[in-house]
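Comments concern the structure below.
Proteins get letters first, then strands, A, B, ... in listed order; numbering begins at 1 in each.
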Number of protein chains: 2
Amino acid sequence: MITLEDVARHAGVSLATASRVLNGSTRQVGASLRAKVELAAAQLGYRPNVAAQALARGAGNVIGLVVHDLVDPYFAALADGAMRVAEGRGLMVMVGTTHRDPEREIAYVATLNAQRVRAVLLAGSRIADAHLTRRLREELDGYRESGGGVACVGQDLLGTDTVVPGNAEGAADLARALAGLGHRRFAVLAGPAGLVTAQDRVAGFAGALAELGLPAPLLVHGAFDRDGGYAAATEFADRIAGWDEGPSCVFAVNDVMAVGALAAFRDRGILVPQDVSVAGFDDIATLRDLVPALSTVRLPLTAMGARALELALDPAGEARVERISGEVVLRESTRKAAPA
Amino acid sequence: MITLEDVARHAGVSLATASRVLNGSTRQVGASLRAKVELAAAQLGYRPNVAAQALARGAGNVIGLVVHDLVDPYFAALADGAMRVAEGRGLMVMVGTTHRDPEREIAYVATLNAQRVRAVLLAGSRIADAHLTRRLREELDGYRESGGGVACVGQDLLGTDTVVPGNAEGAADLARALAGLGHRRFAVLAGPAGLVTAQDRVAGFAGALAELGLPAPLLVHGAFDRDGGYAAATEFADRIAGWDEGPSCVFAVNDVMAVGALAAFRDRGILVPQDVSVAGFDDIATLRDLVPALSTVRLPLTAMGARALELALDPAGEARVERISGEVVLRESTRKAAPA
DNA sequence: GCAGAATTGGAAATCGTTTTCCTGGAGGTT
DNA sequence: AACCTCCAGGAAAACGATTTCCAATTCTGC
């Protein structure tokens, strides 16, 4: 490996001068020496050793990103937004995927802490488990004390800068919109019982229904992914099989689950939206071409990821919380309910 | 920040001993000292500084991954596979997204080189531009000389370990399968003219048709993404509008483009598969619930990403090339052609 | 008991940079 | 001409670990 010392020797200057020329410094270097150093560096093919730079400077140019699953388009979009910001600032991004294991999440924060990354971005919803949350919080506190920025996308549970999607409000808006279409009886594919994002969406939805004086929705729990949606929709169909009046509209707490639900209904010969309307949440770009097109709540995911990283990188005294509201988008998967 | 020296002092031992206790060493440390050091480290909340470790050890535990676009499920799946391997080996992953800009790709390799990452994984197809390819290759050679492993997923153009999807063979198999369904006249939504992956798929497809004695397909170029598929399909529909016998089957060179094509046909009232059959390539998991379900060529993307990283991490004398073959999956988007 | 081997602990060199001083010379002001 | 300021350049001290020696101890086998 070519080191800075090699370059300096080859150029006939001191280490200090070579460093000043090659790796941005406030100090000036005379034109002739500067040229010599640059030539030597080019000839030798010098590459700075960032580990050494990070050590000497006391700060690297890496940021950390922790997501649950890169294959889930929700997280991919968030990551994309964050990476664009990182790129714009000349930072590299280290990514960790937890596959929804809270222990892994804590472990990643510890690792990123050891890496002395400039900022850590936590994406995705926390499990509603006080003990785990506390441990994560402690780990983050330790990290922040050492000067790193932390932000998260999701719930404001960690005392950090947070970009909070308007889950409850969006779901409530959606409920009102669906009620406006004439629906009276709803089911909710509610995701895992302990997942805060899912809880918020369910609560917002159910709350709006209550305000409208409509009956509480039928809740079916299941995993937060496509297969969870499929399973929950199947269970739903089984449960209402004998009823004379079942729900006319099903709300899946995210788009990916809604896709699973659509598949389940299709497999059982239930027509959407004729037999039942289906709505999701997130407005995942990759899924906009579904048939029938999914009614949902649009969240500006890329912008949210970008904004969160900005928060993490630009420190403030107080923990800031930014609420991002979703926008109801009605498409073909929901239709006017038949008059009662 | 708590350093190892703080821990050593607090425990009343030397730096060397503390290092041996805390960060895996071959040397033994007596039980009593070991306990003292561990206690001190825990009390002080010591976190090793990886930059310093990397410097002292001469190698970090980071690998680099360069993809075009994380939002594209193709790359997300590859990245996921690679990350699982990395996780299993206790390595962190630095991700760079090029957004299909070859200059950025080269820049990322340079940056990863400076980071002295253990291995670099390049995913995604190279542009067929000799000059850019040469520059990338030089950059990679420089990196490999310094001891890093390189692998790529895509074409074997860089003289490195490579996982090569059977693009031409898969497309040829698909062509034969479609011909077996009775199709005689084909169109290909061929992607950008300079993209090697797209070229290979087109060539394989066209080659098989020629072998079967069928007419050469109608080629329509466009971007390699959903909107490119939409635009190309629209152009295709316009072109054949006046013909008395147009192609009965359209092959989009990837699934994402096929989704765009399906949308375009839907918007123009063209029924798939009744009016025209559509097939894609990749078998993206997120898109398996489309209606009509997409006929395609399945590529084990996650496994490919994982394998590529394994190649990069386990050095060999020679550059190894592993071919991965795709499997034709016929679904509802293609149907038997009406007898002529 | 005793030589030699094995083991354990510590001092100090090392990794590749950045950065703080320090020095000598150039330029400007009375 | 004397004095002061400014500035380019270099020597050397961090930065926070690992690792190589070396010395001191404890085991072995006779």
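Residue-level contact check: A:R47 touches the backbone only, with heavy atoms under 4.0 Å from sugar-phosphate atoms and none from bases. Note on B:G30: only backbone sugar-phosphate atoms sit closer than 4.0 angstrom, heavy atoms only; bases stay farther off. Residue A:V29 is in sugar-phosphate contact alone, with no base atom involved, counting any heavy-atom pair closer than 4.0 Å across all strands shown.
Without hydrogens or angle criteria, A:D6 side chain to A:T3 main chain gives a donor-acceptor distance under 3.5 Å. In this structure a side-chain-to-backbone donor-acceptor pair under 3.5 Å is missing from B:D80 to A:V71. Judged purely by atom type and a 3.5 angstrom limit, B:T162 uses its side chain to pair as donor or acceptor with the backbone of B:T160. Checking side-chain atoms of B:T133 against main-chain N and O of B:D129 turns up a donor-acceptor pair under 3.5 Å. Panel note: side chain A:R137, backbone A:L157; a donor-acceptor pair is recorded below 3.5 Å. Under the 3.5 Å distance criterion, the side-chain polar atoms of B:R320 are matched with a main-chain donor or acceptor of B:L311. When atom types are taken as modelled, the side chain of B:Y143 and the backbone of B:V117 share a donor-acceptor pair closer than 3.5 angstrom. At least one donor-acceptor pair under 3.5 Å links the side chain of A:T111 to the backbone N or O of A:A107.
Following rounding to the nearest Å, B:L55 (CG) and D:dT19 (P) show an atom-to-atom distance of 12 Å. If you measure from atom CD of A:E5 to atom P of D:dA12, you get 13 Å, rounded to the nearest angstrom. Atom C1' of nucleotide D:dT18 and atom CG of B:N61 are separated by 14 Å, given to the nearest angstrom. For B:K36 and C:dG9, the NZ to P distance is 10 Å, given to the nearest whole Å. Computed from coordinates, the B:L4 CG to C:dA12 C1' distance equals 15 Å when rounded to whole Å. B:R116 has its CZ atom 17 Å from the C1' atom of D:dA17, to the nearest Å. Here D:dT19 presents its P atom at 14 Å from CG of B:L22, a figure rounded to the nearest Å. Atom pair A:N49:CG and D:dC15:P shows a separation of 19 Å (rounding to whole Å applied).
Between B:T3 and D:dG16 there is no side-chain N or O to OP1 or OP2 distance below 4.0 Å. Listed pair B:N23 / D:dT18 meets the phosphate criterion, a side-chain N or O lying under 4.0 Å from OP1 or OP2.
Each end of the helix from C:dG1-D:dC30 to C:dT30-D:dA1 yields a helix axis from five base pairs, and these two axes differ in direction by 30° (to the nearest 10 degrees).
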Taking only nitrogen or oxygen atoms into account, show me every contact under 3.5 Å that the protein makes with nucleotides 5-7 of chain D, one pair per line with its distance.
none

Using a cutoff of under 3.5 Å, can you pull out all pairs of nitrogen or oxygen atoms linking the protein to nucleotides 19-26 of chain C, with atom names and distances?
residue	atom	partner	partner atom	Å
C:dC21	N4	A:R27	NH1	3.3

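Distance from the side chain of B:S14 is smallest for C:dG10 among the nucleotides C:dT17, D:dA17, C:dG10. Checked against D:dC15, D:dA17, D:dG9, the side chain of A:L33 finds its nearest nucleotide in D:dG9.
Interatomic distance, CZ of B:R118 versus CG of B:L313, reported as 7.0 Å (0.5 Å rounding).
No side-chain heavy atom of B:E139 sits under 4.5 Å from any side-chain heavy atom of B:R135. At a threshold of 4.5 Å between non-hydrogen side-chain atoms, the residues B:V120 and B:I63 do not count as touching.
Among all heavy-atom pairs drawn from B:V13 and B:L33, the shortest one is CG1-CD2, 3.8 Å.
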